[in-house]
Amino acid sequence: MQKIIDRSVLKEYYPCGALRAEKRMKNGKLDGVSKFYKKDGRLWAKQYCVNGKPQSLEICLPERPPKHLFM
């Protein structure tokens, strides 16, 4: 008998409607790379999980925003 694997992407949104997170799920547990976004749409972190357990976290934004964003 073949085992059925349920894979899906759970999307979460800020109250303003902007995408907050894309979480990869496998059989109801976090599995794979999940991505987290700021309200302005910039990717700020990636988290890798296996069978619901976090393995690594990568912060994607620089410490300070580029100066051209304030001009």
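Since this is a predicted model, take the numbers as computed values, not measurements.
- From Tyr14, atom OH reaches atom NZ of Lys39 across 7.0 Å, with rounding to the nearest 0.5 Å.
- Salt bridge annotation for Lys38-Asp40: absent, with no cationic side-chain nitrogen under 4.0 angstrom from a carboxylate oxygen.
- One finds the OG atom of Ser34 at 11.5 Å from the NZ atom of Lys46 (value rounded to the nearest 0.5 Å).
- In this structure, Asp31 contributes its side chain and Val50 its backbone to no donor-acceptor pair below 3.5 Å.
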Full working for side-chain contact (heavy atoms from CB on, under 4.5 Å) between Leu19 and Lys11: CA-CA 7 Å; Leu19 182 63; Lys11 293 187 178 186; 4.1 Å; yes

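- Shortest non-hydrogen contact noted between Cys49 and Pro54 is SG-CA, 3.7 Å.
- The minimum heavy-atom distance between Leu57 and Ala45, with the atom names listed, is CD1-CB, 4.2 Å.
- Of the possible polar contacts, none joining the Glu58 side chain to the Ser56 backbone as a donor-acceptor pair under 3.5 Å is found.
- Heavy-atom minimum distance, Lys23 versus Phe36: CE-CE2, 3.8 Å.
- The minimum heavy-atom distance between Tyr37 and Trp44, with the atom names listed, is C-CD1, 3.3 Å.
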Please step through side-chain contact (heavy atoms from CB on, under 4.5 Å) for the pair Tyr48 and Gln55, ending with a clear verdict. CA-CA 6 Å; Tyr48 179 67; Gln55 303 295 312; 3.6 Å; yes

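- Both Leu10 and Leu30 are assigned to one and the same hydrophobic cluster, defined by single-linkage of ILVMFWY side chains at heavy-atom distances under 4.5 Å.
- Annotation: the span from Arg24 atom CZ to Lys35 atom NZ amounts to 6.0 Å, rounded to 0.5 Å.
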